[in-house]
Amino acid sequence: MSWSILELVRNNPDKLVENLRKRFVDVSLINKVIELDRKWRTTLQEVERLRHEHNVITDQIPRLPLEERKTKIEEAKKLLVTLKEKEKELKQVEEERESLLKSLPNLVSEDVPIGPDENYSVPIKFWGRFKVYKDDLEEFKKQTGGMQVDYEVLEWKPVGHADELERVLGLGNTEKASQVSGSRFYYLFDDIVWLDFSLLLYAVDLLTSKGYRLVLPPYMLRGEVIHSVIDLDTFKDAIYKIEDEDLYLIATAEHPLAALYFKEEIEKENLPIKLVGVSPAFRKEAGAANKDLKGIFRVHQFHKVEQFVYSLPEESWNYHKELISNAEELFQGLGLAYRVINIASGDLGACAAKKYDLEVWMPAQAKFREMVSCSNCTDWQAYRMKIRYVDRKNNKKGYVHTLNSTAVASTRTITAILENYQRQDGAIEVPKVLRKYLEMFKAAPKDYILPKKAK
RNA sequence: GCCGGGGUGCCCGAGCGGACCAAGGGGCUGGCCUUGAGAGCCAGUAGGGAUUCACCCUGCGCGGGUUCAAAUCCCGCCCCCGGCGCCA
């Protein structure tokens, strides 16, 4: 069984064109890919024919009398010259074909809304009681687009997460961090650090209780590996490199979790494999320009709990639903009102066939902000990583499907808590579900995180 | 990081320049046999290309090189085991 995209290149190029159109990317590549694949196959056949000829001669040589040997060796040498040339050609065509093939984005799932950018993404679900400041009511209604949603009106405007963190609570210092490390870094202190820990434990606790295997993965990967998990855009925007080494910092545990079966075969019986990884995430945020420079919403490093599933192709859409519903369960537990959106085709990353984002309403910003991203990558990553399943009973092999979803990204979730659990006096209530993970620590907050002047 | 030993198919393991281009065993899958199981026998069990079948190429950790010919010789890298050093 081959890769779904290569299959289309050979058997159904129209469908491939249609797919690229859906993503609003350049379609002209397709003919080139088809042409290259055809050329690759004919050149391969020529090379193999020449190799065969050479093998035949080589085979005869040891059984020949000495003088005949000499002429045969000459013949073989001559053949080698032609062969080397053809092989060089093959290699060139192959590299070109491969790099073009790998530049193709994943096929878009049928039920993804079509549109060039995020404005075409479709909310499919709202959950919870949204806290809306009275002057933002109109904006809120616009953003919920007439959907039936539950909300309460706030008479006072909550303080934005950044000011709440640094000025009201006095538990963060991004200025010092930017002096010593750069912008988008931070120092967090005391109760916010406890909050970070408790979020991770909460997510890990829930997912392991559902049978996900807990993993602490490597935080750096080799170039070849990281390139096969992500697309070039992500690489450029996100990935830090270790100087003078072929090592890259992960941008999420998804990367090392996907790499866990790099170039391996998985027995069909062992699928699905469900993992929950905990790791820091390092991101350059190169494409973000001046977005979200204030506070800790968009930062170069944070802690993250990640869900990851390897599945049989025919089962992957079920697990996609499972992953988003796990994430929802986590945010429902936290009591953060959210919406789930089905990301538009033009806004999908190259890896994903379909992506759900979970966005929490931020009362101070009057915006929904992304907390979770849940993707089915189908066989796109698996093809690059050469991860296949083996069905021994039916003597069949195929690429597995890989899926990933955020469970909790610490700093982002903290910003949501800072805005949604804020009292008018500036105190932050600790979400009830986190309290049991804080109980055992003497210094950890128990019910409220209080403003600095109140202490 | 240094010194020594090693990496062969799903697993164990032989081969250490050419003569059925990986022996032999185990496992797994299918078939025969059997009331059923087992034993026994036969076949299949890396990737790719072509194809009605037969077929061909590549593959012995990875990448180069020497040779008409490389699992086998040479160089670089990765990993594993043992010893020394360093370290949380």
Side-chain angles (χ1 to χ4, degrees), chain A residues 1-11 33-102 216-228 241-242 244-248 256 259-271 273 279-280 310 312 379 382-400:
Chain A
M1 261 296 103
S2 70
W3 185 34
S4 55
I5 290 183
L6 184 57
E7 210 146 275
L8 287 190
V9 166
R10 291 188 180 166
N11 305 321
V33 175
I34 293 169
E35 175 53 34
L36 272 169
D37 182 54
R38 201 174 291 147
K39 193 170 170 200
W40 174 74
R41 283 187 287 167
T42 55
T43 315
L44 180 65
Q45 283 166 44
E46 272 181 77
V47 164
E48 290 186 347
R49 206 201 76 232
L50 288 168
R51 278 182 188 153
H52 178 59
E53 252 182 83
H54 183 254
N55 285 346
V56 170
I57 296 173
T58 290
D59 224 39
Q60 296 169 345
I61 289 174
R63 278 177 271 117
L64 290 173
L66 227 63
E67 60 276 18
E68 277 181 58
R69 253 188 217 201
K70 268 195 173 149
T71 61
K72 276 287 173 194
I73 287 176
E74 280 314 304
E75 200 181 321
K77 276 185 176 172
K78 227 184 266 170
L79 202 57
L80 272 181
V81 176
T82 346
L83 179 60
K84 285 265 150 67
E85 257 168 55
K86 265 291 162 209
E87 278 178 337
K88 211 173 136 194
E89 190 187 330
L90 178 68
K91 199 175 166 191
Q92 202 186 326
V93 173
E94 193 164 65
E95 273 167 16
E96 219 177 317
R97 180 192 87 130
E98 206 55 20
S99 84
L100 256 180
L101 269 177
K102 285 191 173 166
L216 195 72
Y219 301 161
M220 300 176 207
L221 293 171
R222 291 207 175 111
E224 182 196 2
V225 178
I226 199 131
H227 272 110
S228 47
K241 186 181 192 305
I242 305 295
D244 296 330
E245 302 211 44
D246 179 33
L247 279 176
Y248 298 82
L260 183 57
Y261 290 91
F262 188 63
K263 293 183 177 172
E264 269 190 47
E265 287 177 350
I266 304 174
E267 303 285 335
K268 184 186 174 184
E269 299 72 53
N270 294 336
L271 291 171
I273 295 169
S279 79
Y310 295 88
L312 287 171
D379 62 0
Y383 168 73
R384 291 157 177 248
M385 306 213 103
K386 304 205 189 324
I387 303 175
R388 290 175 310 164
Y389 69 89
V390 200
D391 178 354
R392 298 208 185 274
K393 244 187 197 117
N394 299 302
N395 211 357
K396 222 180 92 182
K397 285 186 181 180
Y399 289 103
V400 299

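Every heavy atom of this structure was used, including side-chain atoms; hydrogens, water molecules and symmetry mates were not. Every chain is numbered from 1, with letters handed out A, B, ... down the list of sequences.
- With a 4.5 Å cut-off on side-chain heavy atoms, A:K39 and A:E89 count as touching.
- Only A:W40, A:R41, A:L44, A:Q45, listed by number, bring a heavy atom of residues 39-47 of chain A to less than 4.0 angstrom from any atom of RNA chain B.
- Closest to the side chain of A:H52, from the set B:rC56, B:rG47, B:rU58, is B:rC56.
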For this session: Going 5' to 3' through nucleotides 65-76 of chain B, assign each nucleotide B (protein heavy atom under 4.0 Å from a base atom), S (under 4.0 Å only from sugar-phosphate atoms) or - (no protein heavy atom that close).
Result: ---BS-------

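- When all heavy atoms of A:I387 and A:Y310 are compared, the closest pair comes out as CD1-CE2, 3.9 Å.
- Of all heavy-atom pairs spanning A:T58 and A:P62, the tightest one is O-CD, 3.3 Å.
- Toward the 5' end of RNA chain B, the nearer of the two residues A:E53 and A:R63, judged by each one's closest nucleotide, is A:R63.
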Exercise. RNA chain B in dot-bracket, Watson-Crick or G-U pairs under 3.5 Å, [ ] crossing, | other strand?
Worked result: ((((((((.[[[..)..(.....]]]((((((.......))))))((((.....))))..[[[[[..)....]]]]])))))))....

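- The pair A:E74-A:K70 does not meet the salt-bridge criterion, since no charged nitrogen lies less than 4.0 angstrom from a carboxylate oxygen.
- Ion pairing between a basic and an acidic side chain is recognised when a charged N comes within 4.0 Å of a carboxylate O; A:K84 and A:E87 show no such pairing.
- Using atom P as the reference point in both B:rA39 and B:rC28, the two lie 9 Å apart (nearest Å).
- The nearest whole Å value for the distance from the CD atom in A:E94 to the P atom in B:rG47 is 17 Å.
- For the P atoms, the distance linking B:rG1 with B:rC56 amounts to 46 Å, nearest Å.
- Nucleotide B:rC77 holds its C1' atom 14 Å from the CD atom of A:E245, rounded to whole Å.
- Taking atom CD on A:E87 and atom P on B:rG64, their separation rounds to 11 Å, with Å as the unit.
- One interatomic measurement links the two molecules: NZ of A:K263 to P of B:rC78, which rounds to 16 Å at whole-angstrom precision.
- One finds no salt bridge joining A:E94 and A:K91 here, because no Lys/Arg side-chain nitrogen approaches an Asp/Glu carboxylate oxygen to under 4.0 Å.
- For the atom pair A:L50 CG and A:L90 CG, the distance stands at 11.0 Å (nearest 0.5 Å).
- Ranked by how close their nearest RNA chain B nucleotide is to the 5' end, A:V56 and A:E267 are led by A:E267.
- Taking atom C1' on both nucleotides, B:rU45 is separated from B:rU34 by 26 Å, rounded to a whole Å.
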